[in-house]
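See below for the structure under consideration.
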Amino acid sequence: MKQAFGGVVYDTDTAILLARNEHQFCIETLKNGVKNVDLFLTPDGLYFRYEKTVPFFGDDEEYDPELTPLSLGEAVIVYNKLTDRRLEFEDAFPDIENPDV
């Protein structure tokens, strides 16, 4: 997905995937669908969240995906909530120390 905010283009195809959520199926998942959350870093060093809900049963209709630019602090919060990490903290955020260490 590609979207522009304030003259900056955020593109999931060219950005680096830092982390995403691991799904745990439950009654809510069956009712509301699977919510995919991915955290990306652009080649220019900007962070963004990509979110999409996919129905679990029935409809082939997908909910509209949402792309949200994030500050460094917001990106760290999202990263710490996501469980499927593709890069270590130090590689994802080279300019700050890991607060969890």
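Sequence positions, counted from 1, serve as the residue numbers for this chain.
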Sequence neighbours excluded, the answer for side chain to side chain contact (heavy atoms under 4.5 Å, CB included) partners of Ile77 is Lys81
Output for pair (Ile96 CD1, Glu90 CD), nearest 0.5 Å, gives 10.0 Å
Contacts table for residues 3-13: side-chain donor-acceptor under 3.5 angstrom, sequence neighbours left out:
residue : atom : partner : partner atom : Å
Asp11   : OD1  : Asp13   : N            : 2.9
Thr12   : OG1  : Met1    : N            : 2.5
Thr12   : OG1  : Met1    : O            : 3.4

Report the residue from Leu17, Leu70, Leu87 that forms a side chain to side chain contact (heavy atoms under 4.5 Å, CB included) with Leu39. Leu70
CG/Leu82 to CZ/Arg20 distance, rounded to the nearest 0.5 angstrom? 10.0 Å
Which residues pass the salt bridge (Lys or Arg N to Asp or Glu O under 4.0 Å) test with Asp91, sequence neighbours left out? none
Can you give the donor-acceptor pairs under 3.5 Å from side chains of residues 43-50 to other protein atoms, not counting sequence neighbours?
residue : atom : partner : partner atom : Å
Tyr47   : OH   : Ala92   : O            : 2.7
Arg49   : NE   : Glu51   : OE1          : 3.1

Rounded to the nearest 0.5 Å, how far does CG of Asp84 lie from CG of Asn21? 8.5 Å
N/O donor-acceptor pair under 3.5 Å between Arg85 side chain and Tyr79 backbone: yes
Would you check if Leu41 and Phe93 make a side-chain contact, meaning some heavy-atom pair closer than 4.5 Å? no
